[in-house]
Q: 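Here it is: the structure, laid out below.
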There are 2 protein chains.
Amino acid sequence: MTTIKTVAAAGSYRACTRCRAAGFCVHPQAGQGVYRVQARRVRAGESMHTPEQSPHTFFVLCEGTARSCTRRHDGSLQTNDFHLPGELISFEAMADPAARQDALALEPCTVREITCQCDPEANAVVWGAMLGLLRDDAAHRRARLRPFAGRQTAAQRLSAWLGNLVERCQHRGLDPRAMAFRMTRAEIGSFLGLAKETVCRLFVQYQRDGWIEQRGRRFLIRRPEAFLR
Amino acid sequence: MTTIKTVAAAGSYRACTRCRAAGFCVHPQAGQGVYRVQARRVRAGESMHTPEQSPHTFFVLCEGTARSCTRRHDGSLQTNDFHLPGELISFEAMADPAARQDALALEPCTVREITCQCDPEANAVVWGAMLGLLRDDAAHRRARLRPFAGRQTAAQRLSAWLGNLVERCQHRGLDPRAMAFRMTRAEIGSFLGLAKETVCRLFVQYQRDGWIEQRGRRFLIRRPEAFLR
DNA sequence: CGCGCCGTTGACGTAGATCAAGATGGGTGG
DNA sequence: CCACCCATCTTGATCTACGTCAACGGCGCG
């Protein structure tokens, strides 16, 4: 395992210095025999998970963006979250195995798969590194839930979610204006509980206001400050 | 500090054997000097928190029910969660101090206030007891969020929330049919993002169906199974 | 080059918010 | 114990945000 350099260039969406799991990943020899770090490449549309994965596995997204989702009763997919580079995937499932959900790459991604080799409760080394993650994860979870607090219009939800994206970029040292987001209107709608047409109409309006730019099938955030509060 | 006996009688809403924090509370001498447990009584409508509380304090609700809330921009209160006996309050704030929110008693309550005397990261004893709480808390958080997953009608939300209440009672060994819940329509609406009138109309309908019973200003769940799935 | 997914736009319907006006219960003071 | 008051509940009428349906255009992948 080589030492990883920070590459926060726009387009590659890679983050290491400010990655939430850097403690595990950058000096993996520290956890020798306690956890295992494995780099992998995931193609667009594919799942991070493989059938033989241990229940003590979580992921760090190094490059690209992803979404996690569950299957609804009617068979359709319910998008539950979007993930940016440097963020954790399936981490919550370490504490709550029933919460494990599928994670799909929105574009070609690289991930590091971190597997705790033993029962984490028994091992202070792993939990030492994990405490930082727990704190960070709790704060992010709270921010991600903001669009759902109380009664909100579609515009308030969408705007709150875009603001959350901006914050998460800034937290990782990425420039939100330089990121071309790939989630489709339908996926965003699935996440926020809105119809894709509603998302579309609001996006058109935001573009007229110069707050976002739609380039091809992607979108860029031009005025991050418009969505913060 | 005396040993606490289990009292799971209906009406008093007390739970100890299945309390999530029993590890801290029932044998407090184990954590001598590391954390402090203090029993308190909170009157209906009052806050659990006192101004001089440490950031390393969380609460266990022993008797009664409560709600946690934050203040919205327009000054009104946003209800974010309801708490049953045996559940944790402000626990998340241990990992995410900015998440600390006010908790108000819905009826006369008794709580135990658990304060970690040192930085929890430094002390393995506290964190040992806390790991179990973390797991449990994660699972509960997930279940509580179910009413908000995707696009749902008002009836689906309310029904999912009632189902969540039932599950939490059962998890604690309480009989949901024996509990008279005190939250007002407005508080429930604030939590679920619905108008109080909508909650009221649905309650009237559930009562016609014999699923709930409205006794005075409280309500009882008559057919718990109607709200599970 | 063509097919299919995705985005866009308009027309329309409806769930549920809002407004308004009693009814009811619970708490308080005499 | 009664009378009063206030918060909450209830019900109906109306309005509107947004979901649904339908049709079409364009990007992008194979």
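Per chain, numbering begins at 1; letters A, B, ... match sequence-line order.
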Q: Given atom CD of Glu107(A) and atom C1' of dG28(D), what is their separation to the nearest angstrom?
A: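 It is 16 Å, rounded to the nearest whole Å.
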Q: Rounded off to whole Å, could you give me the NZ-to-P distance for the Lys196(A) and dC21(D) pair?
A: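 Going from NZ in Lys196(A) over to P in dC21(D) covers 10 Å.
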Q: Do the side chain of His49(A) and the main chain of Gln101(A) share a donor and acceptor less than 3.5 angstrom apart?
A: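 Yes, His49(A) side chain to Gln101(A) backbone: donor-acceptor pair under 3.5 Å.
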Q: Using 30° and 60° as the class limits, which term best fits the ring planes of Phe191(B) and Phe148(B): parallel, tilted or perpendicular?
A: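 Correct class here is perpendicular.
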Q: Regarding Gln78(B) and Arg72(B), do their side chains bring together a donor and an acceptor under 3.5 Å, going by distance alone?
A: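 Yes - a donor-acceptor pair under 3.5 Å links their side chains.
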Q: Could you name each residue pair satisfying side-chain hydrogen bond (donor to acceptor under 3.5 Å, both in side chains) that touches residues 140-150 of chain A, not counting sequence neighbours?
A: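 For residues 140-150 of chain A: Asp81(A)-Arg144(A), Glu92(A)-Arg141(A), Asp137(A)-Arg141(A), Arg141(A)-Glu92(B), Arg142(A)-Asp96(B), Arg146(A)-Glu167(A).
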Q: Write down the distance between CG (Leu106(A)) and P (dG28(D)), rounded to a whole number of angstrom.
A: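 Distance, rounded to whole Å: 16 Å.
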Q: Measure the angle between the two terminal helix axes of the helix from dC1(C)-dG30(D) to dG30(C)-dC1(D), five base pairs each, and quote it to 10°.
A: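 The angle, to the nearest 10 degrees, is 60°.
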Q: Pick base, sugar-phosphate or nothing for Gly193(B), based on heavy-atom distances below 4.0 Å to the nucleic acid.
A: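 Since only primed, P, OP1 and OP2 atoms lie under 4.0 Å of Gly193(B), the category is sugar-phosphate.
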Q: Only pairs under 3.5 Å count here: list side-chain donor-acceptor contacts from residues 196-211 of chain B, not counting sequence neighbours, and write none if there are none.
A:
residue: Tyr206(B); atom: OH; partner: Ala155(B); partner atom: O; Å: 3.4

Q: Report yes if a donor N or O on one partner sits less than 3.5 Å from an acceptor N or O on the other, where the partners are the side chain of Glu187(A) and the base of dC6(C); otherwise report no.
A: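 Checked by distance alone, the answer is no.
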Q: Taking side-chain contact (heavy atoms from CB on, under 4.5 Å) as the test, write out the residues that go with Glu46(B), two or more places apart.
A: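 side-chain contact (heavy atoms from CB on, under 4.5 Å) check on Glu46(B) returns Val42(B), Arg43(B).
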Q: Under the criterion side-chain contact (heavy atoms from CB on, under 4.5 Å), which of Thr115(B), Ile89(B), Ile114(B) is the partner of Phe58(B)?
A: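 Single pass found, and it is Ile114(B).
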Q: What is the nucleic acid contact for Gly189(B), judged by heavy atoms within less than 4.0 Å: base, sugar-phosphate only, or nothing?
A: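 Nothing, no nucleic acid heavy atom in range.
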Q: Dump every N/O contact between nucleotides 16-18 of chain D and the protein below 3.5 Å, one line per pair.
A:
residue: dC18(D); atom: OP1; partner: Ala154(A); partner atom: N; Å: 2.5

Q: Examine the base of dC6(C) for any acceptor or donor lying under 3.5 Å from a partner atom in the side chain of Glu197(A), and report the outcome as yes or no.
A: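 Checked by distance alone, the answer is no.
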Q: When you measure from the side chain of Ser159(A) to the backbone of Gln156(A), do you find a donor-acceptor pair of N or O atoms at a distance under 3.5 Å?
A: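 No; zero donor-acceptor contacts below 3.5 Å.
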Q: List every contact pair, protein side and nucleotides 11-14 of chain C side both N or O, where the distance is under 3.5 Å.
A:
none

Q: Taking only residues two or more places apart in sequence or in another chain, which ones pass side-chain contact (heavy atoms from CB on, under 4.5 Å) with Arg217(A)?
A: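 Expected list: none.
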Q: For the pair made of CD in Gln207(B) and P in dC9(D), what is the distance, rounded to whole Å?
A: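 Rounded to whole Å, this separation is 13 Å.
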Q: What verdict does the side chain to side chain donor-acceptor pair (under 3.5 Å) test give for Thr79(B) and Arg67(B), after you've listed the backbone C-alpha separation in whole Å, the side-chain angles of each residue and the deciding distance to 0.1 Å?
A: CA-CA 7 Å; Thr79(B) 302; Arg67(B) 70 182 172 120; 2.9 Å; yes
Q: Does any non-hydrogen side-chain atom of Ile212(B) lie less than 4.5 Å from one of Leu220(B)?
A: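 Contact flag for Leu220(B)/Ile212(B) side chains = no.
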Q: Whole-Å distance between dA7(D) C1' and Met183(B) CE?
A: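 So the CE-C1' distance, Met183(B) to dA7(D), works out to 18 Å.
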Q: For DNA chain D, which residues of residues 73-82 of chain B approach it to below 4.0 angstrom with any heavy atom?
A: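 When residues 73-82 of chain B is checked for heavy atoms under 4.0 Å from DNA chain D, there are no hits whatsoever.
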Q: With the criterion being N/O to N/O and under 3.5 Å, what pairs connect the protein with nucleotides 24-28 of chain C, and how long is each?
A:
residue: dT24(C); atom: O2; partner: Arg217(B); partner atom: NH2; Å: 3.1
residue: dG25(C); atom: N3; partner: Arg217(B); partner atom: NH2; Å: 3.4

Q: Out of Arg40(A), Glu63(A), Arg41(A), which one pairs with Thr110(A) under the side-chain hydrogen bond (donor to acceptor under 3.5 Å, both in side chains) rule?
A: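 Result: among Arg40(A), Glu63(A), Arg41(A), Glu63(A) is the only option passing the side-chain hydrogen bond (donor to acceptor under 3.5 Å, both in side chains) with Thr110(A).
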Q: Just by distance, with hydrogens left out, do His83(A) and Thr65(A) show a side-chain donor and acceptor under 3.5 Å apart?
A: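 No, Thr65(A) and His83(A) have no side-chain donor paired with an acceptor closer than 3.5 Å.
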Q: Using the side-chain contact (heavy atoms from CB on, under 4.5 Å) criterion, which residues pair with Ala44(B)? Sequence neighbours excluded.
A: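 Expected list: Pro108(B).
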Q: Could you write out each protein N or O paired with an N or O of nucleotides 1-4 of chain D at a distance under 3.5 Å?
A:
none

Q: Just the rounded figure in Å: distance from P of dG16(C) to CG of Leu202(B).
A: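 Rounded to the whole Å, the gap is 8 Å.
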Q: Apply side-chain contact (heavy atoms from CB on, under 4.5 Å) to Arg218(A) and list each qualifying residue two or more places apart in sequence or on a separate chain.
A: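 Arg218(A) satisfies side-chain contact (heavy atoms from CB on, under 4.5 Å) with Ala180(A), Arg182(A) once adjacent residues are dropped.
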Q: Let me know the distance between CZ of Arg185(A) and C1' of dG19(D), rounded to the nearest Å.
A: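 Taking atom C1' of dG19(D) as the reference, CZ of Arg185(A) is at 18 Å.
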Q: For side chain to side chain donor-acceptor pair (under 3.5 Å), just list the numbers for Arg168(B) and Gln170(B), CA-CA rounded to whole Å, side-chain angles, deciding distance to a tenth of an Å, and then say yes or no.
A: CA-CA 5 Å; Arg168(B) 284 154 68 190; Gln170(B) 290 174 342; over 6 Å; no
Q: Applying ring pair (Phe, Tyr, Trp, His ring centres under 6.0 Å) to Phe181(A) and Phe219(A), what does each step give before you reach the verdict?
A: CA-CA 5 Å; Phe181(A) 294 103; Phe219(A) 70 92; 5.5 Å; yes
Q: Determine whether the aromatic ring centres of residues Trp161(A) and Phe82(A) are separated by less than 6.0 angstrom.
A: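 Yes, the ring centres sit under 6.0 Å apart.
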Q: In whole angstroms, how far is the C1' atom of dC6(C) from the CZ atom of Phe203(A)?
A: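 So the two atoms are 13 Å apart, to the nearest Å.
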Q: Answer yes if the side chains of Asn80(B) and Thr70(B) hold a donor-acceptor pair under 3.5 Å, and no otherwise.
A: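 Note: Asn80(B) and Thr70(B) side chains meet the donor-acceptor criterion.
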